[in-house]
Amino acid sequence: MKHDMKSYTVESHTSFNAVGEISGYLVRPGMFETNGATPLLVGVNFTVHTSGGTFCELLLFHRGEEEPYAVLPFPDEYRIGDVYSMIVFGLDIEELEYAYRVDGPWDPEKGLRFRKENVLLDPYARAVAGQRIWGEKKEGAYHARVVKDVFDWGDMPQSKREMSDLIIYEMHVRGFTKHPSSGVEQKGTFEGLREKIPYLKELGVNAVELMPIFEFDETVNCREVDGKKLLEYWGYNSVSFFAPNTSYTAAEEYNREGTELKTLIRELHENGIEVILDVVFNHTAEGNEKGPTFCFKGFDNKIYYMLTPDGNYYNFSGCGNTLNCNHPMVRQMILECLQYWTINYRIDGFRFDLASILGRNADGSPMNNPPLLESLAFNPVLSNVKLIAEAWDAGGMYQVGKFPANRRWAEWNGRYRDCLRSYLKGDLWEAWTAAWCISGSGDLYGGYTQDGNERYAGYNSCVNFLTCHDGFTLYDLYSYNTKHNEANGWDNTDGASDNRSWNCGAEGETDDPEVKMLRFRMIRNACAVLMCSRGTPMFLAGDEFGNTQFGNNNSYCQDNEVSWLDWSLLEKNRELFEFFKFMIHFRKKHTVIRKKLPDAVCGLGSLNTRNEYGELNIEKEARMLAVSFAGYDSEKGKDDIVYVAVNPYWEDTRIFLPDLQGRETWYLCVNTYGDGAGRYVYPEGEEVRIESEFVMKPRSVAVFTTKSY
């Protein structure tokens, strides 16, 4: 029987009758289990909680005004436990902003910082009021707005793609399209990013990792250096965890906040691209005891933050305060937040900044089984969501390979970054570790030949990267021996000094053709190895066409041409872009790189590290190493074999490929040194047959596959 598809209006049959009046508004006790402000047919439900506060009142503002037009104290009968909840009838959310004031004891040495005069932003605010113009300092207190979610996701399914099948592209929303060369209409916005989806699809990445998009204040710590205004450009100072950053929006979105972002996410999904958010639950923008009080400090300072015995702030984040993540109340807020973004924005994964903080106790000590991490790992709403930890913090805790993972968490593999940077530039003593890293870091995560690590899910737990927002771009990695952060105004003392970079013979820009050729070969080497390593590859937006930050490895404050992607380089370095495209496609084509397959028919081992003679051992300071992946691809009905050979040495190296027992023949697919005519890759059908040996040129990578007779 055929049914016509019709549009229906959902009606609520719940009856809310006013039982009182406060400040001229009809009210009743609200929905105590629903945090934040929720629009109803009859008005708005407001729910908030404070453990140490003794009195709470709701402030209502006309849009854009600083003085409330109504103040509604919560009566005792509108409180259950520490939760205040009130339905206010007859409110027009189109013109409404709201905030709270909380009274209580003032005793900073005991962590109590209640001041009734402080206007406080709702910790569960779905939108921060007053869509801001980027770079203009907000005047007055933070207010929230009531969000009416009318976005229709239809029947869009949640992605079931495995971690190891992702190719992650890390980007800054504003910096991706702000440069005049970007060619988009709405530069520096969610809409501008949406305009670039065809480019992302052409490149071939299937996941974008967005640097912080929660509401933040880029004008905090604003200063001027050499005539340039410096801002907190990266966005790692969260103001509100539930609200998207309004200055990233091109359209005005009163009461529809998030619509432009949701449209972007829906279109990315329609093009097969997942969305991962970089989230910052290790600190907030309220800073230390000298910082402002606009939210958490005013509701429950001693609960939300880790405090020293004298009431000051532990600073494991390096930003003034540290969120007390494993307190039950904070833990619940974080869990609700991630569920909210998963359900209402269809986010596919979260990368947790300085995630080791999420495993600290209230006194800062590491916990053996942190309840927050366990809660997130086993939450049913988050069961298909990727959880990625930056497994260290600014307090000295480094947990790469030791993060409390519960077989659910992946890690940014900092060892991969450090080791491969060193080995690829010629630090030959890193050979053994480099072999482990290319093979999937089985010594850290299991999954080398079998999963022997009870904490981790093998190669689905390993995010490999050589570059990210924090550090050199890939071009700069081979153009500068040292950081050049003078423009940041700290006498070049900020940013990491251990970069393991190499300028290839000249510091910075040069006209020397030999240096330039070597630099681009080193970039191709890095790309080829990254895409042929087991684990999830991630690279920084712009690396694929040689974007530079002019040697700045800490561009957190540079809202200018230092951090913005220069899209003119795409045409200038089109050859590099095409190489990245090929390597991404090559990785997708060869399942055996990404995961273990059934044994290969040819008898080659499933995963081996080899020396120049094809033997299963490498010297501690090997001038060359190879990793071979082999397995039977049942979908294609043939063996899938990939042989990755790395020669970081500065002379030719003759290599011998393993014997295939007469069943297969080796073919060259990638040679980063090139054939002398500018050719570095060989698409399917154009591969070069190799009998048994091959001469690798200096500082080059070669990738081989096989074909049956």
Side-chain angles (χ1 to χ4, degrees), residues 160-167 206 410 416 434-453 456-464 528-537 582-611 614-618 625-646 655-670 682-685 687 689-690 692 701-709:
K160 300 296 192 298
R161 196 180 280 136
E162 289 188 61
M163 270 294 303
S164 59
D165 290 334
L166 295 186
I167 299 165
N206 56 19
Y416 183 99
W436 274 113
C437 289
I438 297 171
S439 303
S441 298
D443 55 333
L444 296 180
Y445 306 111
Y448 184 63
T449 54
Q450 60 183 3
D451 187 359
N453 190 323
Y456 290 101
Y459 38 78
N460 280 309
S461 299
C462 177
V463 178
N464 299 321
V529 170
L530 180 65
M531 292 303 159
C532 290
S533 294
R534 187 160 284 179
T536 304
F582 179 90
M583 291 309 308
I584 290 170
H585 175 74
F586 185 85
R587 179 181 180 85
K588 289 180 177 179
K589 177 183 174 183
H590 291 283
T591 308
V592 74
I593 298 174
R594 309 193 302 273
K595 62 196 66 176
K596 189 178 185 300
L597 297 178
D599 291 344
V601 175
C602 72
L604 207 62
S606 63
L607 175 57
N608 296 123
T609 55
R610 301 174 183 270
N611 60 22
E615 300 167 341
L616 302 178
N617 66 288
I618 58 174
L625 66 83
V627 175
S628 61
F629 303 97
Y632 182 77
D633 189 331
S634 57
E635 291 186 6
K636 297 178 181 177
K638 62 180 181 178
D639 282 350
D640 188 7
I641 298 173
V642 174
Y643 195 87
V644 187
V646 184
I655 67 171
F656 296 85
L657 300 170
D659 182 17
L660 296 171
Q661 301 178 359
R663 295 178 179 271
E664 307 271 346
T665 302
W666 289 108
Y667 282 83
L668 177 68
C669 297
V670 178
Y682 302 90
E684 188 172 3
E687 305 95 331
R689 179 167 174 162
I690 305 295
S692 61
V701 173
V703 183
F704 306 86
T705 57
T706 64
K707 291 184 180 181
S708 301
Y709 284 118

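Of all heavy-atom pairs spanning Leu597 and Gly631, the tightest one is CB-CA, 3.9 Å. Heavy atoms only, all atoms of each residue included: Leu668 and Ala702 are closest at CD1-CB, 4.1 Å. Here the closest non-hydrogen pair linking Ala645 and Phe704 is CB-CE1, 4.3 Å. Shown here for Ser533 and Cys437, the closest heavy-atom pair between the two residues is CB-O, 4.4 Å. Taking both residues in full, the closest heavy atoms of Asp659 and Gln661 are given as OD1-N, 3.0 Å, listed atom of the first, atom of the second, then distance. For the residue pair Ser164 and Asn460, the shortest heavy atom distance occurs at N-OD1, 2.9 Å.
Taking CZ from Phe629 and OG from Ser439, the interatomic distance works out to 5.5 Å, rounded to the nearest 0.5 Å. Atom CD1 of residue Ile584 and atom CE of residue Met531 lie 4.5 Å apart, to the nearest 0.5 angstrom. Between Tyr667 atom OH and Thr706 atom OG1 the span is 10.0 Å, to the nearest 0.5 Å. Remark: Arg534 CZ to Cys462 SG distance equals 11.0 Å, nearest 0.5 Å. Rounded to the nearest 0.5 angstrom, Thr665 OG1 and Leu657 CG are separated by 11.0 Å. The CH2 atom of Trp666 sits 5.5 Å away from the CD1 atom of Ile641 when rounded to the nearest 0.5 Å.
Listed by chain and residue number, Phe586, Glu687, Thr705 satisfy the side chain to side chain contact (heavy atoms under 4.5 Å, CB included) test with Cys669 (two or more places apart in sequence, or in another chain). Evaluation of the side chain to side chain contact (heavy atoms under 4.5 Å, CB included) rule for Ser628 yields Asn608, Arg610, Tyr643 as partners, not counting sequence neighbours.
The list of salt bridge (Lys or Arg N to Asp or Glu O under 4.0 Å) pairs with a residue in residues 585-595, not counting sequence neighbours, reads Glu162-Lys595, Asp165-Arg594, Asp165-Lys595, Lys589-Glu684.
The closest donor-acceptor contact from the side chain of Asp640 to the backbone of Val592 lies under 3.5 Å. A donor-acceptor pair is defined here as one N or O able to donate and one able to accept, closer than 3.5 Å; such a pair exists between the side chain of Thr536 and the backbone of Met163.
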Practice task
Output, in order, the C-alpha distance, side-chain angles, deciding distance and verdict of side-chain contact (heavy atoms from CB on, under 4.5 Å) for Val601 and Lys638.
Solution key: CA-CA 8 Å; Val601 175; Lys638 62 180 181 178; over 6 Å; no

Practice task
Run the numbers on Asp639 and Leu604 for side-chain contact (heavy atoms from CB on, under 4.5 Å), then give the verdict.
Solution key: CA-CA 10 Å; Asp639 282 350; Leu604 207 62; over 6 Å; no

Practice task
Quick one: do Tyr456 and Leu444 satisfy side-chain contact (heavy atoms from CB on, under 4.5 Å)? Show the steps, please.
Solution key: CA-CA 8 Å; Tyr456 290 101; Leu444 296 180; over 6 Å; no

Exercise for the section: Start with the C-alpha gap between Trp436 and Thr609, add the side-chain angles, then the distance that decides, and say whether side-chain contact (heavy atoms from CB on, under 4.5 Å) holds. Expected result: CA-CA 8 Å; Trp436 274 113; Thr609 55; over 6 Å; no

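Of the options Val703, Asn464, Val646, a side-chain contact (heavy atoms from CB on, under 4.5 Å) to Val529 is made by Val646 and by none of the others.
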